[in-house]
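Below is one structure, written out as structure tokens, with a few remarks after it.
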Amino acid sequence: MEKNAKIYVAGHRGMVGSAIVRHLQQLGYSNIITRSSKEVDLRNQQQVFSFFEKEKPDYVFMAAARVGGIYANNTYRAEFLYDNLMIESNVIHASYLNKCKKLLFLGSSCIYPKMAPQPLKESYLLTGTLEYTNEPYAIAKIAGIKLCENYRLQYGCNFISVMPTNLYGPNDNYDLNKSHVLPALLRKIHTAKIKNIPTVEVWGSGTPLREFLHVDDLAEACLFLMENYHEAELVNIGTGTDISIKDLAMLIMKVADYKGEIKFDSSKPDGTPRKLMDVGKLKGLGWSPKITLEEGIKMVYKDVERMTFD
Ligand code: GFB
């Protein structure tokens, strides 16, 4: 990417999009374009097509999506399916029509079958049944991958797909009904600490295993792949190591210096038992993450300490 190339970051107000914008700015990219959802509703084909026709971006980072944790995915099922299908269809088709040089589409590790062997290799896509709590989101993301793959095959578009593992970092969502586990536990544990509450509630059994990547590492990986990867097959982005939800809670308790007890709420779902990425392909291309989970949690906890929660 030339430093003055016109780069559109879709979803720049979200955790991922904002990290990509920060990283582009740090590297001296000077022509980054963004639009809020009020300015361009990406679910609206007319608005997306007019915007692309006017701006004609050279590069597109497709980080706009309706996202959320296990409860939001399982509750707003229709919205997760419809919104994501519309957003990605509109942006990918408009990128093709306006001869965008390259597009990077962001998916998620939940696209892999629930019971796939671990670690998850890129080749396991569409080899089994999905986890039901996030099936609508996963189906939409699989459609996005297939749009990129088939626009490449039929039209020769240089569109690539990357699959990040569970992410955390600045601009995360701390709304307990919509958030992912890491920000939710940071909020709950911090609140319990400052209010002297003796227990903290952790959903499910605590046994599911998850892999966590700091969003600044993800942004760096996305730029690396935008520059260095030009093939149809998706690429996993993760750390290659995972941790149980119980141990994650204990790590956050250590960082927050909270001495209370964990109480498991078995009425809440566990979701997929394990979701560990095989990151051999990305490593082979020459990229590895830099921020360890403990360092990342310490960084994010500093922000949480400055937040006010009800
Ligand atoms: O992060 P999370 O919501 O999503 O939950 P998934 C991960 C695990 O943490 C589940 C448990 O076993 C939850 O039951 N957990 C424990 C909690 N306490 C909490 C809590 O207070 N809040 C939350 N949210 N979880 C999502 C998918 O799955 O992962 C999305 O739904 C997406 O589609 C995303 O792929 C990356 O890892 O289960």
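Values below: all heavy atoms of this structure, side chains included; hydrogens, waters and symmetry mates excluded. All ligand and atom numbering here is 1-based and tracks the order in the structure. Since the model is a prediction, treat every value here as computed from it, not as a measurement.
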Between Ser36 and Glu39: side-chain donor-acceptor atoms closer than 3.5 Å: yes

Within 6.0 angstrom of Lys121 NZ, more than 12 heavy atoms from elsewhere: no

Side chain, backbone, both or neither: Glu201 near ligand 1, heavy atoms under 4.0 Å: neither

Part of Lys268 within contact of ligand 1 (heavy atoms, under 4.0 Å): neither

Neighbour count above 12 (heavy atom, 6.0 Å) for Met250 CE: no

Pair Lys56, Asn98: side-chain N/O donor-acceptor within cut-off below 3.5 Å: yes

Any N or O of Thr272 closer than 3.5 Å to N or O of ligand 1: no

Close approach of Pro269 to ligand 1, heavy atoms, under 4.0 angstrom: yes

Distance filter under 4.0 Å to Gly69 heavy atoms, resulting ligand 1 atoms: 3 (O), 31 (O)

Contact check, Thr133 vs ligand 1, heavy-atom distance below 4.0 Å: no

Atom indices of ligand 1 within 4.0 angstrom of Ala184 heavy atoms, with elements: 20 (C), 21 (O), 22 (N)

Atoms of ligand 1 close to Cys110 [distance to a heavy atom under 4.0 angstrom, numbered from 1]: 33 (O), 35 (O)

Geometric class of the Tyr151/Tyr155 ring pair [parallel <30°, tilted 30-60°, perpendicular >60°]: perpendicular

Atoms of ligand 1 close to Gly68 [distance to a heavy atom under 4.0 angstrom, numbered from 1]: 30 (C)

Ligand 1 versus Lys275: contacting region, heavy-atom distance under 4.0 Å: side chain

OH (Tyr82) with more than 12 external heavy atoms under 6.0 Å: no

Side-chain donor-acceptor contact under 3.5 Å, Glu294 with Thr292: no

Proximity to ligand 1 by part of Tyr137, non-hydrogen separation under 4.0 Å: side chain

Parallel, tilted or perpendicular: ring planes of His190 versus Tyr301, cut at 30 and 60 degrees: perpendicular

Distance filter under 4.0 Å to Ser179 heavy atoms, resulting ligand 1 atoms: 24 (N)

Best match, Tyr168, Trp203, Tyr112: closest heavy atom to atom 23 (C) of ligand 1: Trp203

Axial cation check for Tyr8 ring with Arg35, 6.0 Å and 45° limits: no

Numbering as shown, the atoms of ligand 1 that approach Asn73 to under 4.0 Å (heavy-atom distance): 27 (C), 30 (C), 31 (O), 33 (O)

Heavy atoms of other groups near Lys290 NZ, more than 12 under 6.0 Å: yes

Interatomic distance, Cys157 atom SG to Leu147 atom CG [nearest 0.5 angstrom]: 10.5 Å

contact_flag Val202 ligand 1 heavy-atom lt 4.0 Å: yes

Ser108 N/O under 3.5 Å from ligand 1 N/O: yes

Tyr112-Asn236 side chain donor-acceptor pair, cut-off 3.5 Å: yes

Residues Gln118 and Tyr124: side-chain donor-acceptor under 3.5 angstrom: no

Glu131 to ligand 1, any heavy atom closer than 4.0 Å: no

Selection from Leu182, Val181, Leu167, Asn74 by shortest heavy-atom distance to atom 5 (O) of ligand 1: Val181

Ligand 1 contact on Ile70 by region, counting heavy-atom pairs under 4.0 Å: both

Ligand-side contact atoms (ligand 1) for residue partner Arg210, heavy atom cut-off under 4.0 Å: 6 (P), 7 (C), 37 (O), 38 (O)

Enumerated ligand 1 atoms positioned under 4.0 Å from heavy atoms of Asp270: 10 (C), 12 (O)

